[in-house]
Structures are given as structure tokens and as C-alpha cells.
Amino acid sequence: MIIIITLGKKEGSVKRADGRAFDELRPIKIEAGVLERADGSAYLEFGGNKVLVAVYGPREFHIRRFQKPDQAVVRCRYNMAPFSVDDRKRPGPDRRSVEISKITSEALAPAVFLEKYPRSTIDVFIEVLEAEGGTRCAGITAASVAMADAGIPMRDMVVACAAGKADDNVVLDLSEKEDKEGQADLPVAVMPRTGEITLIQMDGNLSSEEFEKALDLALEGCKKISEIQKDALKTRYGE
Amino acid sequence: MIIIITLGKKEGSVKRADGRAFDELRPIKIEAGVLERADGSAYLEFGGNKVLVAVYGPREFHIRRFQKPDQAVVRCRYNMAPFSVDDRKRPGPDRRSVEISKITSEALAPAVFLEKYPRSTIDVFIEVLEAEGGTRCAGITAASVAMADAGIPMRDMVVACAAGKADDNVVLDLSEKEDKEGQADLPVAVMPRTGEITLIQMDGNLSSEEFEKALDLALEGCKKISEIQKDALKTRYGE
Amino acid sequence: MIIIITLGKKEGSVKRADGRAFDELRPIKIEAGVLERADGSAYLEFGGNKVLVAVYGPREFHIRRFQKPDQAVVRCRYNMAPFSVDDRKRPGPDRRSVEISKITSEALAPAVFLEKYPRSTIDVFIEVLEAEGGTRCAGITAASVAMADAGIPMRDMVVACAAGKADDNVVLDLSEKEDKEGQADLPVAVMPRTGEITLIQMDGNLSSEEFEKALDLALEGCKKISEIQKDALKTRYGE
Amino acid sequence: MVNKMVDIIPEITKKSITNLINNGERADNRALDEYRDITLETGVITKAEGSARVKIGNTQIMIGAKSQIAEPFPDTPKNGVLMTNSELLPMASPTFEPGPPDERSVELSRVVDRCLREGGVIDLEKLCIIPGEKVWMIFLDIHVLDYDGNLMDAAALGCLAAIMDTKIPEATVRDGEIVIDKEKLIELPIKEKALLCTFAKIGNELVLDPSLEEERVMGARITVGVIEDGSVCAMQKGGEEPLTKEEIMKAIKITKEKTDILRKHLN
Amino acid sequence: MVNKMVDIIPEITKKSITNLINNGERADNRALDEYRDITLETGVITKAEGSARVKIGNTQIMIGAKSQIAEPFPDTPKNGVLMTNSELLPMASPTFEPGPPDERSVELSRVVDRCLREGGVIDLEKLCIIPGEKVWMIFLDIHVLDYDGNLMDAAALGCLAAIMDTKIPEATVRDGEIVIDKEKLIELPIKEKALLCTFAKIGNELVLDPSLEEERVMGARITVGVIEDGSVCAMQKGGEEPLTKEEIMKAIKITKEKTDILRKHLN
Amino acid sequence: MVNKMVDIIPEITKKSITNLINNGERADNRALDEYRDITLETGVITKAEGSARVKIGNTQIMIGAKSQIAEPFPDTPKNGVLMTNSELLPMASPTFEPGPPDERSVELSRVVDRCLREGGVIDLEKLCIIPGEKVWMIFLDIHVLDYDGNLMDAAALGCLAAIMDTKIPEATVRDGEIVIDKEKLIELPIKEKALLCTFAKIGNELVLDPSLEEERVMGARITVGVIEDGSVCAMQKGGEEPLTKEEIMKAIKITKEKTDILRKHLN
């Protein structure tokens, strides 16, 4: 039920602090259907990140004035467990998690046939159990698997991955250390079938050329992770 | 209108810090019908505890989705006045008062013919004006009188009292000092007609034998207090 | 579009710290219709005070149980910008702004034909962008202009002004310094056509005679400001 | 911006109360400028350093005072601090809801606070322990138990009584250390006795000490605070109808007379 | 005063579960005093100083422990501090909503906290660094991931396991300075192994470890905490129906037996 | 998890705006890559240490800067602190409600903050007074007064102008004491001029500086921040439709050109 994939090193190019090649992902495993009560769920480990996602819905949106008359609404709640980071995090939403919740909702919505469920809500709860750089991408990747596990009809399975710049090199999938000390971070989410981008954020400093290189690298990373998402569903539901 | 009862000492057994026998209650007085606006009310002094209770209802529960379609809901709010304790207490609910509010609701509900009032709420407001150990039991005891004063049909009048262990002795009705320095506290609420227990909590350390002894002592204490509850109603409404 | 009026000095009487005569107002300018989205708006400068007001409504009150079945409700929100005072003010309402919001609503309501709009709300948002003593009066004065700009039918245009006591003299329109160090402050709002008072507050120490003198002075000040309100509307809408 | 529960009064009730008052009469037979029965007990809460329970008619309020050592406000480094807080307990009225203070509660505590503070009731300078560093902070908690109209006057009277009842430990400074002697209790330094009177405008008249029924139909409310020499120290208008200057001056005049009488009962 | 979502159970479901239990049977074929399968993993969160994931049936809880240096409580100046917090995550049940802890969450963490504290699980005196000034504060965060009944027992078991898994840095005092040696990790000083057992009263019987389905139809709930020698250290009744003294004494008896077995698995 | 007010736009409005844009036209006759009129005033609030009022079309924002002395963050002990806060005032739009910042407000202030911080606008090291102990903290309060689309660009431009307008007192350290000279005001140490450009994807086109009407019908939004040498320092996509890589690269290209022009007006 658990897939462990350590993606092999490629070219002997740039060596990173943790020994990875510039275009190498951290080990990933994804498991679908790990919770009893939720309509769909997934557990993902990505490097040191541990993320659990539960999906409820489509279900009736019980607050009338927030319903959309012609489609469903995707509502995400990204939350970090108090013990997920070095210094205990106080429970409850902070400004960072409010922003991530918003852009995660927007990253997932394009893939869903929302128009099938007017006046409904699809609630996605992302719990970061342990954080080590890249939790928002990990959350989106796991959320797609959980939505598929919930049987929500989707035109594609959104997948996310970051690239960035560390030690003057453009690299894939920043580790926690690279994220903190690095020069730029570029998380990206895509629908892999069309290559359309559903989330992009950036902070740091990248020339246009570096930006394009990082974006291409992130898109490449997304493709690899997409395969692992599919494998997780196959493992659960068979071919 | 005010009944003052100092329950006489029994056996020359264990002497406590405040001179009481092991099975001796602190002085109690209860007065029913002390507020104008509330549907029912009661004021209770129990040792140094001063507790005021107001009851409103049965009245319509104005939030639809919290209504129970086939019965009334008992909602309690236990609150301590800022000046009721040695160091001023900040206004508003804390975790302790949230828990006591919950178990007080559950302690009172079994005695009420809830099924007579579908979709309704019975609101019980317990104000601790001065606290000296045992306020949750004092609140429940006073709340029953206030509910009777409000004319709410009940199968019995719930009464509460604690026993515990202090100075290695099992004793009735811990004082503030005995509660803080003591070895165990066991608050109990009963419906005296059947002896059925509607609230029980414990913390500390009691062997099974001590536990049973303390429970029996508490039940005995409840019986005595039950008489004072009845007297308070008689004083208000006549025989 | 902007009217600047420095009201000339009268008698050579009492000189104040800022050189004004005892019955002299600080310079005022009022501009109506300064915002695009609001139904009505006004900007006012009064000495160093800078106040912006937006009015929305009459519009449906979306919370049913707060609707009045036979009339509209005037709801004010008085708010100070974090940068409006010497030490940065934390965003969000404090006790002072809650009180001012309440009495401002009550100061404006008498002038409005509320009965024309049952179940509706008229929302008045007062933003203090810079504060230099007298912001509540400035807010009320600007709010009336904004309500007129919104086309809300009114029997009169409420106007407000404070008088007080500083350096043992009864004076009009206290400056920030006079307000802080002074002996009394008396903000007043009136409907100038009838002279009826819709807001009065006082704190400090005034004998009856001083009180009456201060009240008369404030009423006189209101009359002057009332003309400036009218000019602002004429400038916007023509005669 | 606070939403208010709407309290709908039958038009007929409003009319009958108004007609009575226009004839100089009240439903409970009081004169227009007459208080209901007032009861005042002090020392009712042992754990409070001062306390009072006040009843005006069926309105019932309990006040407790607590002292603690705190830093002074930066702009008054040599003054002690008075904090006035009120809770409109849901037990007191079906229209009061649990939760943080709403605008009615805030107005109540702020008006009472202004009356006490601007009236100079406590000599705050005498509550300074080390200038700029440590002063006494006195908390007054106004606990509204039963609401039958005119909370302002009851709260102000109860607060004044609680302050007069309060004893705090002696604090002295020895070698830069603050020594609190809990055996040696001293009274608060009281300079003045400020009180409030509240009037409702109903029909063409002002009535003193409105009952709940009168408050529900009143057009406006005016509260006046005065000190012993008759000077005005606080004022607050409420309600959605206007008042005239004459009405306000009349309210001041009656307040002086009535608080003189009230004040005598306080000693 | 907290409003509760109303959970309406079809009368027929209630009856069928109750009838089964009155016949000594349960829907999942357990004996009345039998736990569901229990799984316990520790050390699951690297960044936590101690952690545990516990499953009882489909109920799943994760617990993380974190230490920090803090001031002691004024009344226990020589003791470290244990803080127990719980979150009923909305992921765990459609009836859990985001927001501050509701009364169910508060009750859960307070009962578990009492079991650990009154059961004397940690020797808090050994967590003192400088008496009256600095002590270790241990945070236990109970993260409820999947709710299928009986959170209390799962949380208590997981907390005990997380405490046993916890290693904190050594803190020593040199010349009045606290030196934290993050290389030298030491176990928490454990004195006792207190655990909870929870019973639901359904029909005429008490059933151990109620499933969600059983909780939804139960009349009352009783949770008992005991330590190694069989003494009772905590108890909490819940639910809107009464219990008899006999039922409570029976619950204590079964709890002793069952926690003895559970405890053996913890070493 | 924040609930959003639903804004329903008639299908016909959406179509007509989209058709226009697909033809390279806009309702207000602008080119697709053209800003509305921009007005910028600084020094508008005397009590603020720096301030700006910016209008882009009818969108109007006021920004005030305030300094105070504070402790540095533990991970950057030698750096001053920049705090960016925004309020979507209910006066600015019928869809803005009073209360704590919602997700739109949080996103606005965080994206502007990232642009300023990652763009290196202020040399934060120069705001250190005593390393690890005391640094200057600069508060930027973004006060949204009138909302007619494209808050991001207006806020970033206004913040940069307010920062350039800000003068803080000189702080020196003498004998371990911090001396603040309020007579000697110095400008903030400015290193860079980072700005944002925002595009709406409508139909098949990206349009710069979307008006409110355009925002209401847009499928996606992309905001790009660049510094003087054309490097990208911030980016944020919004909205529930996807974008292509080509669109993003195009947005970067236009942003460079447009911010070059904007920047010239700032000196």
C-alpha cells in the first residue's frame, strides 16, 4: 500500500548540500485512502515533509449566502500541527496559512468539474504533520490524490513542485535549508495533461532567464511526481 | 425567606482544619426567587461560596440547526465573577469554566422532562460571586432550585456535593484549603429519589475502598442538602 | 471643489495657545462626493483633523433578526487609521471607538426619515485619517454631508462642535493640546433648523453657569459649521 | 459597528405610558423626579477588597474592587490607575447575550468611569508607590445581575460605595524594594463623591430613574454626573430622539438636588 | 455556553444496537469488555521531541511533545509544567468544525491532563532548572486525525507513549546561567503509568471502548483513570443519562484489569 | 478556511467585456497594456513618519509609515523589521466587511510585503541599533479607501512612495543607552525600487491594471514584481483558471517595461 520512490541521480552536475543533483527530487511516497471518516484521503511523505489530507464533499454548503448557484466551491484549510516545526507553533490560523489556504483552493479548483455540483462545497483539509520545506506543494499534490480517492470528477490531477535558486544555481525542489538560505523560491502547480499552470508564486531574485529555467525545472518535477500520484491510486484501486 | 442551617457535628471522630467532623457539611443557605427578570432564580451560600443562578426557558432556540426536533436542550453557562477569587479573574470563559458548563448541563438534563419542549432551550446561568472550594456542586444545587422556581417540570431535583481525601482521611465537602492541599476530590450529583448519579468526576488518588467510601459520603451529603433545597422552595411557595 | 475657510478673529478677548479667540473655530474644509464606490461620501479637514466618510444605503439589512420592521437602522463605524495618531494604533475597534460609534449613530438618526425604509440599514463608515482633537464632532459633521451626498432624505443636516474649558476659560473647539490639558470638554451635535440636540457628552468640571456658556458657544460654533456643510453640497451639486 | 437586537414594543403600551407621563403620572405611582427604592449593602464579597450590592427597584448590580500593583500610564507616571469594567450578564435580561462586552456594556462602564475619574473620586496621586514605575491599579468590576432599567445610576452609586468600602494593603518602599503589609489595610484616598442621575424623555417630559418599561418606550436618555459642589463632571445623551437645551439644563438642576440626598445616605 | 451540532440517529439503529448489547453482543462481534485492535507507533515525528500515533479501531490520533523553558506557576515554584492541548481537526469528522477548541475538545484535553497529572506520570520536580525562575514546560498536542469513537482512551494511551518517547536536552546551571546541551538528550523522569478506560452505557450494559456508532446511541459515558497499583486517579462522567453506583464500581474493576494488560504493551 | 461572499455577474456583461478584449479593446478605451491615470501624493499625514495617497483610476489607497524601537527577530539579529498590514475598509466596497483581515486582505499585504522585502527596498541592516537587542521596526499600514480594481499595484506603488517619504529620528548609542534625537530626522536607507504589475486573464488576453469590472469577469490574475535591473522579485497567481507558461513570460516582459516608466515618476 505504500510506495517508496527514491528518484535516482542523473548527471554528475551540481552537487547540493544534501547530495542531490540540481534536478533531483527528494524521496516521495504517497498512500491513498488512509482515513475512515473522510470521503477521500491521502498521506504523503516528501523528504522530511509529512502531510495528511482529508476531503469531504461535494456536500451541501450550509451557509446560503456563500453558495454559488451554478457550481461547487473548493474550500481548503492548510494547517500546521503544533509539533510539525522546530519551535512549537501555536494552534490556529496565522497569516501565512490563510494565504496558502487561499492559493491552494485556487490551485485545485481548475481541475474539478465544479459545474456538476451547484450550491455545494468540496472541503479539503491539509494537515502538515511535519514540515521540512515545500509543504504547500506537498499539500496540493496530496490533496489531488485525496480528491480522486473521494471520487470527485476531475479533468486532471493537479500536481505541485517548487524550483528555486540556491548557492547561485537553479535547482529543483528546495530543501528546508535551501529554502531558508537560498536566493529564490518558485512553487508551481500544474495540470499535467495540458501543462497549464494553476498556481505560481515567487519570491527572491531571478533574472528572466533564471526564472524560465526554474519554471521549466519545476514543470519537469511535476511530471515525475504526477506518475507517483497515479501509482498511489493504482495501488489502492487497481489498474 | 432565608434559611441558615449549620449542620451539627456528629461523632467526635476526625477533626479537620476548620473544626468540622469528617462527615460534616459547611453551613448552607438557599433562597429561591431572588431575581425579577429571570424565569426562575436561586441564591446559595455554602461555606464561603456565594452562587447566584438564573434560569430562562423553556424558550425557542433561535438557532435552527442547534434545535433538537424531539426535545429541549439544557444549556448551562458557569461563570466566575472577576472579584470572586483572590487574584482578579479576567472576564470571559476559560477552559475550566467551559468544561464545568458542559458537565453541569449533563448533570441537570436527566431530571428534566425534556421531551415536553421540542425545539426549545432551557438556559441556566450560574454566577459564582465568591468562590471557596466546591463551586461546581454549589452551582448545580442552586440551579435545580432555580429550575423548580421557573416551573420547569422535573422528575427530581438534582443535588450535588463533593467528598475527597485530605490529611489521609476521607472527608465530606472539601474546603478551599482541603481542595488545594488535599489528595483527592470527588464531586457528585444525584437525583435523590432514585440515587442515580448524574455527575461524577474525580482527580487525585483513591484506592477502590477509599473511592467507595468517598462516594457513599458524597451521596449522604447530597441527601442532607436535598432537604435544604426543598425547604427553600417551601419557604417561597408554601407547603 | 474644495472650500477653505479660516474664520476670522472677533473680539480681542482671550488669546489661546494657538492664537485663536475664545469663540474661534479652527480652519475647516469639506468636500462632498470624494469616493467612487460608496453611495455618498465626504472628506473633511478641521484643524489638523482629516476625516473621510462613506455612506452605503439605504440597503437591505441582511441579518433578519436585527431588522426593524417599520424603519431603517443607522449603523456607524468610527475607526481610527493606525497612522492617525502619534503612537501607532492597533487596527480594530477598541472601547473608545465602540462608544463613539454608538453615540454617532444616535446623533445622526434623528435627522433621517427612517420610516421610509423599513427593514433597511444605512451604513456610515467614518475613517479618521489624522487626529488632532475633536474627531467625533468632525466625523458627525462629515457624515451628514456624506448622507446628503448619498441622497438620503433628511429633515435637517446634523452638525457637531465641541466647547470646553482650558486655562480657566470657556472656549470653543478645543485643540488637541487644550483637550488633553484642559478642564472640560463638551461635544455637541444639533439639528440647526430647530436647535435640537442629538448628541451631548461632557467630561471634566464645569459649574452650571460655565456649562451653559460652553453649550451656547458650541451651538454657535455648530451654526457656523453648518454653513460650510451647505457650501460643500452647493459646490458639488450647484445651488 | 454593532448589531442590536430589536426590541419591539406594542404601540398601545407606548401610548399608555406616554399619556400617563404627559399627565405627570407614572405606572408605578412615582413622581416624575422620584427614584424607586434604593438598597445598598457593602462588604458583601469577602475576597474582594471592596464590594457593594445595589438595588434600585428591581435592578440589581454587584460591584467588586480588586487592587494590584502595576506600571503607571506613560502620560501620568505619578498616578495610580482606575479600571472600570462591566458585564451585562445574560442572567440579568433575555436581551443580554454571553460574549465580549457589546456597545451597551462599553457605554455603561465608560460613562461610570468618566464620572468617577473626572469627578476626582479617588486621589490617584496617593496611589503612586514608585513614580514612573509602580502604582496601585484598582479594578472595579460592575456585575449586572438583574436589569429593570437605569443601570447607569445604580452602577455609579455602587462603584462609589465599593470604593468607599475598599481597603488595600499598605505599600512602602525600603531600599528600592516594595514591601506590602497585608496586615495593615488602609482605605482608598477619597477626594470627592461624584454620582449620576439619569432621565428618560418620554412624551413631553423628563422622568428620573426610568424603569425598564420606561426605557423601552423612551425617545432619549440623558445622564448627568455632579460632584459635591454641584459642578457637572460628566454627561451622556443616549437614544434616537433629540433633546432641547432647556431639558438639559433642567436635568442638571434636578441632578444637583437628588445627588445631594443620595450622597447623605452614603456616609 | 456552547451550542452543539445536533446528531440525529434513526430510532431503528438505536434499537438494533441496544438490543444486541442487551443480549451481550456488539455489532463488530466484540465482547462487552473488549477493546478494538490497538496500534501504537512512537518516534513518528522527527521534529517533535517525543511523538506517538495511536489507533484504536479506526480512531486515529497523533501526539507530539515539545519542550521549552518557561517560568513556573507561582504556587508550584519548584515544579516543571505540563500543558495538554487537543484539536478535534475537521478532517477527523464531518461534525468537527474549524475554530477554537469547543467543549468536547476542552473536555478531552482536560480529562487526559488530569489523568497524567493526578496519576503522577511525570516527576515534575525533576523538571525544575532554577526554583521559582526557570523550569521545563512540556507541551503535549493531541491531534485527532480520524474519529471513530473513544477519543479519551486513545489520547491517554498516546500521550503516555509520547511522554515515554520524549527526550529533552540537558539543562544545567553554571554561574547563574542556564546551559542547554542539545547533544545530550535525556528521557523525561517518569514515575507512573496512568491510563484511561471509557465505557458507554447502552441499554442495561456498560460496554468498553465504544465505537462511534455506539457513542451516538449511548445514554451515558464513564471514563476511569487508574495507576499501576490500581488506585483511581481520574474519573469523568458524560452524557445525559444517569449511572448507578454499581455501574461505576464495575467500571473501576474492569479498568484495573484492562489497563494492566495495556500497560504491559507499553514497555 | 474562509468563506467568500459570492459576486454574481450577469453572463451578458461577462461576454461583452470578453468580446471587446478578444478584439484588443477595453471598455474604458485603454490599450491592453495601459494603466489608468495614476496620482500620487506623499506627506499627506503629518502624524505619520511617511505617507502616501495613491490613486489608480478610481482605486484609492492611503499608506502611513510609523517607526518604533523593537527587538529583532531571533534569526536576523542585525536587521531592522518591516511590518506590512492592510485593511480593506468597508467604506471601500460593499463586499468588504468590518472585522479581522480576511484572505484577500492577507494576500494583498503579504504579496506587497514580499515585493518590498525580497526586492530589497530597505537596507534593513542599517536599521539595527544594538545587534540582537534593539532595531527599528517600520510599520506600513495600507488603508484601502476606494476599491475599483487592482489593489496590488496601487498598494506597492504607495508603499514604495511612503517609504521614500519616511523620516525617522536618529538613534545613537551612548554608554549602552539609546539616545533618540527627534530633532534630527533621517531618511530610510533605500537600496532598491521594487514595484508590482498585475494582469487579468480575460478571454484569450492578458490585460494590465484590471478595473473592478474586469476583475469581476477575469479567469485568472497574475502579479509580477521586478526591481530596477529587471530581475523578478515576486510573483503571485490568483483566480480559478489556469495560465500558460507563455502568458507568464509575457507578463514578466511587460512588467519590466511598465515599471521602468513608473519608477521614473517616483524620483
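Sequence lines set the chain letters: A, B, ... in the order given, protein chains first and strands last, and positions in each chain run from 1.
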Hey, what do you get for [atom1] ([X]) to [atom2] ([Y]), rounding to the nearest 0.5 Å?
X: C:Glu106; Y: D:Glu107; atom1: CD; atom2: CD; value: 6.0 Å
X: C:Arg95; Y: D:Asn85; atom1: CZ; atom2: CG; value: 6.0 Å
X: D:Ile252; Y: C:Glu212; atom1: CD1; atom2: CD; value: 8.5 Å

C:Glu99 and D:Gln236: side chain donor to acceptor below 3.5 Å: yes

Neighbours of chain D found in residues 107-120 of chain C - heavy atoms under 4.5 Å: C:Ala109, C:Pro110, C:Leu114

Proximity of residues 192-208 of chain C to chain D, residues having a non-hydrogen atom under 4.5 angstrom: C:Glu196, C:Ile197, C:Thr198, C:Leu199, C:Ile200, C:Gln201, C:Met202, C:Asp203, C:Gly204, C:Asn205, C:Leu206, C:Ser207, C:Ser208

Counting only heavy atoms not in [X], do more than 12 sit closer than 6.0 Å to its [atom1] atom?
X: D:Ile261; atom1: CD1; result: yes
X: D:Gln68; atom1: CD; result: yes
X: C:Asp167; atom1: CG; result: no
X: C:Asp87; atom1: CG; result: no

Chain C neighbours within residues 202-218 of chain D, where any heavy atom lies under 4.5 Å away: none

Side chain to side chain, C:Gln71 and D:Glu240, heavy atoms closer than 4.5 Å: yes

Within-4.5 Å side-chain heavy-atom neighbours: D:Pro242 and C:Met191: yes

Among [options], which residue forms the greatest number of heavy-atom pairs with chain C at distances under 4.5 Å?
options: D:Ile248, D:Ile222, D:Val232; value: D:Val232
options: D:Met249, D:Lys237, D:Glu247; value: D:Lys237
options: D:Lys253, D:Arg114, D:Arg110, D:Glu241; value: D:Arg110

Pairing residues for C:Ala162 by the side chain to side chain contact (heavy atoms under 4.5 Å, CB included) criterion, not counting sequence neighbours: C:Cys137, C:Asp185, C:Pro187

Steps toward side chain to side chain contact (heavy atoms under 4.5 Å, CB included) verdict (C:Glu210, D:Ser231): CA-CA 9 Å; C:Glu210 289 170 331; D:Ser231 297; over 6 Å; no

Salt-bridge present (D:Lys245, C:Asp216; N to O < 4.0 Å): yes

